[in-house]
Protein chains: 2
Amino acid sequence: MLKYQQIATEIEKYIEDNKLQQGNKLPVLETLMAQFAASKSTITKALDLLEKKGVVYQVRGSGIFVRRHKRKGYISLLSNQGFKKELEGFHITSEVIELDVRKPTEEAAYNLNMNVEDDVYYVKRVQYMNKKTLCLEESFYNKSIITYLNNEIVSDSIFKYINEGLGLKVGFSDMFLQVNKINEEEAKYLGLETGAPGLYIETIYHLTNGQSFDFSKLTYNYEQSQFFIQANSHFL
Amino acid sequence: MLKYQQIATEIEKYIEDNKLQQGNKLPVLETLMAQFAASKSTITKALDLLEKKGVVYQVRGSGIFVRRHKRKGYISLLSNQGFKKELEGFHITSEVIELDVRKPTEEAAYNLNMNVEDDVYYVKRVQYMNKKTLCLEESFYNKSIITYLNNEIVSDSIFKYINEGLGLKVGFSDMFLQVNKINEEEAKYLGLETGAPGLYIETIYHLTNGQSFDFSKLTYNYEQSQFFIQANSHFL
DNA sequence: CAGTGGTCTAGACCACCCA
DNA sequence: GGGTGGTCTAGACCACTGA
């Protein structure tokens, strides 16, 4: 593990252990430099990482402060990539409905940047959170990248397998979000009425090298869907 | 403007001008260093900024590539802070329903970290996108920070005024997102039926120094709400 | 193994916050 | 004006990619 990642992890642990709250001040840079025997840039890099993750915010001329304005029961929409939910104290299980190798739909092929003649793994699952239906998921995996899947893997965490089993690194993802009335099939699997509200999210996942390997379409049960997102303003 | 921001801006412009597509390669670091007469770290910092914004991705040992997998008609959920929508080719207008100084609700006071006896500006607006109702918005501004608002400001872009008029810098925001059936009032303003799906987002906006100044509750018209989010995996 | 990006350092200097 | 974080540099060395 890299030095700056290690430092970031330890600072995060320090915040956790000392139960620091929103606005609490961390030690000054010089102290951190001494404590971790690292140069200023390395400490800064660790703090930048924590800032991206929404753990701290830095105020020039003033200090480094803890940021944790979370609410209970809300799932992080962004760290929602596969298996992180477990870590936030949500118990997620999956029921596999379909799993096979097939040709992709036009839509899936387009989003995965592959040909319609190439193979994909198709997975359809219902996910449960704390025993309630959370979402219906339909995923297409580029078979030339995700070379093998089976029922056992798919019942557990697919992303964990991609990371640890296949040794692939997920780099970034593009999410597209809409709200709609759910159709009959979605209603059936989610245990709701046809026409009920549904949060509909399509995501394209890419490896660190930019290749897209997964196109997923999820319909969330609106009764269970509470998400939070932490945004930074590099936008302005 | 800082050197690395300037460089980031120019690289973004270069991508735009040359109409580079997803996966296209940018010049190598050394070239960029020479071209902008900057050190490696400065170029890297500019590229990190662009990576955060979802404009490029960097692959070690290979190169720097363009990332633009956007879809037409989708609004960026994160750069949705106040006035950016204009820049994405959406025409947004507002109709002010209420604007006054009052005491905050318990909820607003809690989220703005102020006392219920302190004053807030309360704003209720309907926003229109390309002449269709986009959302109903209810906002509470901490009056000790946002010292003045009037009808003209509120009809235009409040965030533009906060930046340019008051000279305040927005730092980060916490968003909480749910899907619900809309109530009678929301239905009336959005021109929908009571019980129709609604995307409900609460956001707390903070200045760069961490002070929260705005607590907003938005209900989006599900027929107009298509959002995209670009995520990076510093999570894993 | 050449090309390319990533990490890390030491240090100079700058910019902002607050008392 | 003292304290604190941010920018920028030059350069050594490391790690991954792909032909």
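Letters go in sequence order (proteins before strands), and every chain restarts at 1.
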(request) Check whether any side-chain nitrogen or oxygen of A:Ser39 sits under 4.0 Å from OP1 or OP2 of C:dT9, and answer yes or no. (result)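 Yes.
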
(request) Respond yes when some side-chain nitrogen or oxygen of B:Thr42 is under 4.0 Å from OP1 or OP2 of D:dT9, and no when none is. (result)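 Yes, B:Thr42 has a side-chain N/O under 4.0 Å of OP1/OP2 on D:dT9.
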
Would you mind reading off the distance between [X] atom [atom1] and [N] atom [atom2], rounded to a whole angstrom?
| X | N | atom1 | atom2 | answer |
| --- | --- | --- | --- | --- |
| B:Lys3 | C:dC13 | NZ | P | 16 Å |
| B:Leu29 | D:dA10 | CG | P | 15 Å |
| B:Ile7 | D:dT7 | CD1 | C1' | 11 Å |
| A:Ile43 | D:dT4 | CD1 | C1' | 15 Å |
| A:Leu32 | C:dT9 | CG | P | 13 Å |
| A:Tyr57 | D:dT4 | OH | P | 17 Å |
| B:Leu2 | C:dA15 | CG | P | 9 Å |
| A:Gln5 | C:dC8 | CD | P | 8 Å |

Given [options], the nucleotide with the shortest approach to the side chain of [X]:
| X | options | value |
| --- | --- | --- |
| A:Gln58 | C:dT7, D:dG5, D:dC8 | D:dG5 |
| B:Ser41 | C:dT9, D:dG18, D:dT9 | D:dT9 |
| B:Tyr4 | D:dT9, C:dG5, D:dT7 | D:dT7 |

(message) With nearest nucleotide decided by heavy atoms, which residue, B:Ala37 or A:Asn209, maps closer to the 5′ end of DNA chain D?
(response)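 The residue closer to the strand's 5' end, by nearest nucleotide, is B:Ala37.
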
(message) Taking atom types as they are modelled, would you say the side chain of B:Lys40 forms a donor-acceptor pair with the base of D:dG11 within the 3.5 Å cutoff?
(response)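 Answer no: no donor N or O sits under 3.5 Å from an acceptor.
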
Any carboxylate oxygen within less than 4.0 angstrom of a Lys/Arg side-chain nitrogen, looking at [X] and [Y]?
| X | Y | answer |
| --- | --- | --- |
| A:Arg102 | A:Asp119 | no |
| B:Arg71 | A:Glu202 | yes |
| B:Glu137 | B:Arg125 | yes |

(request) Just call it for A:Ile64: base, sugar-phosphate, or nothing, with non-hydrogen atoms closer than 4.0 Å on any strand. (result)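 Sugar-phosphate contact only - A:Ile64 comes under 4.0 Å of backbone atoms but never of a base.
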
(request) Classify the ring geometry between A:Tyr205 and A:Phe159 as parallel (under 30°), tilted (30 to 60°) or perpendicular (over 60°). (result)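 Plane angle over 60°, so perpendicular.
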
(request) Would you kindly compare A:Gly61 and B:Gly61 by the position of their nearest DNA chain C nucleotide and give the one closer to the 5′ end? (result)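 The residue whose closest nucleotide sits nearer the 5' end is B:Gly61.
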
(request) Could you pick out which residue, A:Arg60 or B:Asp48, lies toward the 5' side of DNA chain C when each is mapped onto its nearest nucleotide? (result)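 Result: B:Asp48.
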
(request) First locate atom CD1 of B:Ile153, then atom OH of B:Tyr161, and finally report the distance between them rounded to the nearest 0.5 Å. (result)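 Nearest 0.5 Å value for the CD1-OH distance: 4.0 Å.
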
